[in-house]
Amino acid sequence: MLFRSASRGGIVGGSAAYESSLLPLAKQMSISEPHKNELRGIFDGIVAKLGGSPVITSLARVMSFDDLLAINCVADALAMSCSSFVAWGSLTADGNTIAGRNLDWFQGSGGRVQELVLVQAADPAKPSLGWVSITWPGLIGCYTGMNSEGVTVSVHDAPGGKASQGDGSVPRTFALRDAIEAAHASSVIDDIKGI
């Protein structure tokens, strides 16, 4: 694990671990051109809005496109210990399916990062479905989401291997985004297997 929550809420490894581990890992990940283009649009928007790249105080340098890419790969570098539940049938008052999600995150000395709801409308020019997700500013992957047909996906951490540098892994939140955009309720298993 590159970073982990410290007992007092800080991040073990800090900027040195970020620069030496997460940035190189992100550069080795396999990112599709549409995802790269979306991130380039976000980065260009930040630069245009601020009149230049912001300085990352903790790194004592200007933010680069690689930094935006790296924060989109953070779920592959650290465990967030998320949990969720689903209940249906006789386990709910009305028999309908309900789901709940705890999207855990640590709080560093910089304060709390604001979550946001990301809504992606279906694109009539593509076969993708519309979807909604809970995320953070600058992150375009899917951490917890539901598409227009009611298919739900979530990132969960469990003991296992971590992504190794150079293996061309797809960031898992990008894989979940691709899955939520393609998974029809009537063929969900096959659609997700296809991704």
Quiz item: Are Lys49 and Asp44 within salt-bridge range, i.e. N to O under 4.0 Å?
Solution: no
Could you state whether [X] and [Y] fall into the same hydrophobic cluster, counting links through intermediate Ile, Leu, Val, Met, Phe, Trp or Tyr residues with side-chain heavy atoms under 4.5 angstrom apart?
X	Y	result
Val47	Ile56	yes
Phe85	Leu91	no
Leu129	Ile195	no
Ile140	Leu68	yes
Trp131	Leu116	yes

Quiz item: Is it the case that His35 and Ser32 place a side-chain donor and acceptor less than 3.5 Å from each other?
Solution: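 The answer is yes; a qualifying pair exists.
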Quiz item: Hey, are Asp191 and Ser187 close enough side-chain-wise for a donor-acceptor pair under 3.5 Å?
Solution: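 Judged by distance alone, the side chains do pair up.
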Minimum-distance pair of heavy atoms, taken over all atoms of [X] and [Y]:
X	Y	value
Cys73	Met29	SG-CG, 3.9 Å
Val188	Ala183	CG2-CB, 4.0 Å
Ala70	Ala26	CA-CB, 3.6 Å

Quiz item: What pairs of residues pass the ring-ring contact (aromatic ring centres under 6.0 Å, His included) test when at least one of them lies in residues 41-72, not counting sequence neighbours?
Solution: none
Quiz item: Taking atom OG1 of Thr144 and atom CD1 of Ile180, what is their separation to the nearest 0.5 Å?
Solution: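 Going from the OG1 atom of Thr144 to the CD1 atom of Ile180 covers 10.0 Å.
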Practice problem: Supply the atom-to-atom distance Ser154 OG to Leu176 CG, rounded to the nearest 0.5 angstrom. | Solution: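 It comes to 8.0 Å.
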Quiz item: Would the number of heavy atoms belonging to other residues, nucleotides or ligands and lying under 6.0 Å from CD1 of Ile189 be above 12?
Solution: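 Open: at most 12 neighbouring heavy atoms sit under 6.0 Å from CD1 of Ile189.
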